[in-house]
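Scroll down for the structure; my scribbles are underneath it.
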Amino acid sequence: SLLAQARQPPPHEHRCARPPSRSLCRTPAPVAAMRGHRAGPLVLVATVLGTAVWLCSDSGLPFVQTLLGHAAATAVARGARREAATTASTWARQGRGRGVAMEASATLYDVPVSNNGARARLIIYAKGLDASGAVGVEPPSVLGGLGSPEFRALNPQGKMPLLKTASGMPIYESDTIARYLVDAHADVAPSFTPTTPELRALDNLIARVHDVYLVALQACLYKATPPFGTFQSRWKALGELKRQVKVIAGLASEEGPFLTGPEIGQSDVAVFPTMIFLRHMLPKFMQPGWEFNELEAFGPKLLKWWGHMTGGAVPAAGRVLEEMQGALAKWDDSGRWDAILHAGRQDKASRTIFDKIISKEIPSEIVYEDDLCLVFKDIAPAAPVHLLVIPKRREGLTQLRHAVADHEYILGHLMRVAGEQGKAAVGEGGFRIVVNDGAEAGQSVFHLHVHVLGGRPMMWPPG
């Protein structure tokens, strides 16, 4: 084939219409290509070789010309790739207007504790994109932080992770970043793409359930105040989060070793970092009604999958695990959970008579009940109408003074119900709402309760 190629002029040769002197011919392409560019070593070599080709074309050495032309084209291509790799995406490290720095072709802005960012990092590590220089990982602080104008110009949501491609295109949202990395580097194993349409559909389904129904609630595990997704109640959010984990466990492959079967997919890189969160944080929420049990929380299939992911078969997963565990240990040391309801802030007070009324161990004259509260008549009424409105779950509310932001949902609910039941009991007459806090104020049962008093004239100031 070399002899056949030798009979054809190389693509970069510029021939004149008649046998010319060299001074009348156009500049060889390799030399012309250098104009306007700083000459690196490979480009200089390419230029010398290309010029030799041009000289050979006039001296009638087609075979040597072809060999040299092939070497020149290879050198030019290598030089161009190196130049692109060292100059692309310099904006991302320093930010617009902050100067130029040499860096990888693309940059992922993320921090070790981020489970959403870890999804992208796992792909980067598994494909060796960081080691090859294709993708670098930097904290958002190099752009001034999540709230900086530089960062928000790239991601208006002001959240991690953020990927800036070699061309300068910003990509945010972890699922989109993960799929871009797999697509842009499809020639590098692993593919993260199951082989059959059914397995790809399952892979997408698990990742979708994770993103829409599980990650949306994860803030209840570490955020100081609500809301947690659509929930104001941390306890209800925790309950729904547990349910969604079981949904994913139900979708997981029986055979494994990955979530959809024999091949690692997008679902594995999505769920794995969140599983690190769950295993670290769920045991902190030890309240009556749920004593943490690993098998009950995750099920046998997820635990088997977890063992495979962390057992050395997926080194990139081990690297992500180490990164996230180190960051979570710092959260522990900082006392992050100390003031979080149901974690550091737990209700350890003794049960009261109200707990027995709620559980129906003691009879009472109930006038209203829903999933959050109970309304019943006081057994020692201070007025013709005397109702007590109590939360079914005390959640640390032995007294009103212990209320925190987590309790806003129940306090508002108690007041609304008290108003409705007071109006229903007295009609157009007036009624009084009383909350006693502490023994000096007349509180005798240390389970928050609202008194609804009516049916007679009320004096002021009270008692």
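All of these numbers come straight from a predicted model, not from anything done at the bench.
A salt bridge links Glu240 with Arg243: at least one charged nitrogen is closer than 4.0 Å to a carboxylate oxygen. Checked for salt-bridge contact, Glu296 and Lys246 meet the test: a charged N lies under 4.0 Å from a carboxylate O. Checked for salt-bridge contact, Asp110 and Arg121 meet the test: a charged N lies under 4.0 Å from a carboxylate O.
Relative ring orientation between Trp331 and Phe277 is described as tilted, the plane-to-plane angle lying within the 30° to 60° band.
Remark: Lys284 NZ is packed, more than 12 non-hydrogen atoms of other residues, nucleotides or ligands lying under 6.0 Å away. By the 6.0 Å contact criterion, CZ on Arg208 is open, its count of non-hydrogen atoms from other residues, nucleotides or ligands being 12 or less. Around NZ of Lys356, the count of heavy atoms belonging to other residues, nucleotides or ligands within 6.0 Å does not exceed 12. Applying the 6.0 Å contact sphere to NZ of Lys301 captures more than 12 heavy atoms from other residues, nucleotides or ligands. Heavy-atom contacts from other residues, nucleotides or ligands closer than 6.0 Å to CD1 of Ile362 number more than 12. Phe446 CZ: more than 12 foreign heavy atoms inside a 6.0 Å radius. Crowding of Met415 atom CE: a count of heavy atoms from other residues, nucleotides or ligands under 6.0 Å not exceeding 12. Summarising the local packing, CD of Glu294 is surrounded by more than 12 heavy atoms from other residues, nucleotides or ligands at distances under 6.0 Å.
Residues Val367 and Gln421 have side chains in contact (heavy-atom distance under 4.5 Å, counting atoms from C-beta outward). Under the 4.5 Å side-chain criterion, counting only non-hydrogen atoms from C-beta, Arg200 is in contact with Thr193. In this structure the side chain of Val389 never reaches within 4.5 angstrom of the side chain of Ile433, judged on heavy atoms. Residues Tyr125 and Asp130 form a side-chain contact, since some pair of their non-hydrogen atoms from C-beta on lies under 4.5 Å apart. Counting heavy atoms from C-beta on, the side chains of Pro300 and Leu295 come closer than 4.5 Å. Counting heavy atoms from C-beta on, the side chains of Asn115 and Ile276 never come closer than 4.5 Å. The side-chain heavy atoms of Leu400 and Leu411, taken from C-beta on, include a pair separated by under 4.5 Å. Between Asn155 and Pro170, the closest side-chain pair of non-hydrogen atoms is not below 4.5 Å.
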Would you check, one step at a time, whether the test ring pair (Phe, Tyr, Trp, His ring centres under 6.0 Å) holds for His449 with His447? CA-CA 6 Å; His449 50 283; His447 180 136; 7.9 Å; no
Should Leu448 and Ile410 be marked as a side-chain contact (heavy atoms from CB on, under 4.5 Å) after you check the CA-CA gap, both sets of side-chain angles, and the distance that decides it? CA-CA 11 Å; Leu448 181 73; Ile410 189 61; over 6 Å; no
Applying side-chain contact (heavy atoms from CB on, under 4.5 Å), run through Leu108 and Lys164 and close with a yes or a no. CA-CA 6 Å; Leu108 178 75; Lys164 188 167 184 291; over 6 Å; no
Go through it in stages, so that I can follow the logic: the residues are Asp371 and Lys392, the test is salt bridge (Lys or Arg N to Asp or Glu O under 4.0 Å), and I'd like the CA-CA distance, side-chain angles, deciding distance and then a yes or no. CA-CA 8 Å; Asp371 61 332; Lys392 285 186 170 180; over 6 Å; no
Run Lys330 and Glu323 through salt bridge (Lys or Arg N to Asp or Glu O under 4.0 Å) and show every step you take. CA-CA 11 Å; Lys330 293 180 180 179; Glu323 289 176 347; over 6 Å; no
After noting the C-alpha distance and the side-chain angles of Asp347 and Arg393, does the key distance pass the side-chain contact (heavy atoms from CB on, under 4.5 Å) rule? CA-CA 10 Å; Asp347 188 345; Arg393 286 191 58 85; over 6 Å; no
So Leu217 and Phe231, side-chain contact (heavy atoms from CB on, under 4.5 Å) or not? Walk me through it. CA-CA 8 Å; Leu217 296 172; Phe231 293 90; 3.5 Å; yes
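Residues Phe151 and Gly145 approach most closely at CB-O, 3.2 Å, considering heavy atoms. Here the closest non-hydrogen pair linking Leu241 and Cys220 is CD1-SG, 4.1 Å. Scanning all heavy atoms of the two residues, the minimum distance from Met458 to Ala383 falls at CE-CB, 4.3 Å. Among all heavy-atom pairs drawn from Ile264 and Pro190, the shortest one is CG2-CB, 4.2 Å. For the residue pair Pro140 and Val111, the shortest heavy atom distance occurs at CD-CG1, 3.8 Å. Looking at every heavy atom in both residues, Pro257 comes nearest to Trp305 through O-CD1, 3.5 Å.
Residues satisfying the side-chain contact (heavy atoms from CB on, under 4.5 Å) criterion with Asp175, sequence neighbours excluded, are Arg119, Arg179, Asp211. Applying the side chain to side chain donor-acceptor pair (under 3.5 Å) criterion to Glu361, with sequence neighbours excluded, gives Arg351, Ser359.
Side-chain atoms of Asp406 and Trp235 include no donor-acceptor pair closer than 3.5 Å. Counted by atom type alone, Asp203 and Gln266 present zero donor-acceptor pairs between their side chains at under 3.5 Å. Side-chain atoms of His210 and Thr274 form a donor-acceptor pair, as typed in the model, at a separation below 3.5 Å.
Of the possible polar contacts, one joining the Thr165 side chain to the Met169 backbone as a donor-acceptor pair under 3.5 Å is found. Side-chain atoms of Glu150 do not come within 3.5 Å of backbone N or O of Val142 as any donor-acceptor pair. Remark: side-chain polar atoms of Glu263 are paired, donor with acceptor, to backbone N or O of Thr195 under 3.5 angstrom. Judged by distance alone, the side chain of Glu322 and the main-chain N or O of Arg319 form no donor-acceptor pair under 3.5 Å. Under the 3.5 Å distance criterion, the side-chain polar atoms of Ser141 are left unmatched by any main-chain donor or acceptor of Gly144. Side chain of Arg401 to backbone of Gly438: no donor-acceptor contact under 3.5 angstrom is found.
For the atom pair CG of Leu388 and CZ of Phe354, the computed distance is 5.0 Å after rounding to the nearest 0.5 Å. Considering CG of Leu154 and OG of Ser148, their distance stands at 8.5 Å, rounded to 0.5 Å. We find the CG-CG distance between Leu259 and Leu302 to be 6.5 Å, quoted to the nearest 0.5 Å. To the nearest 0.5 Å, the span separating CH2 on Trp306 from CG on Leu303 amounts to 10.0 Å. With values rounded to the nearest 0.5 angstrom, His185 atom NE2 is found 8.0 Å from Ile124 atom CD1. Atom CG of Leu214 sits about 13.5 Å away from atom NZ of Lys242, to the nearest 0.5 Å.
The aromatic ring centres of Trp337 and Tyr222 sit 6.0 Å or more apart.
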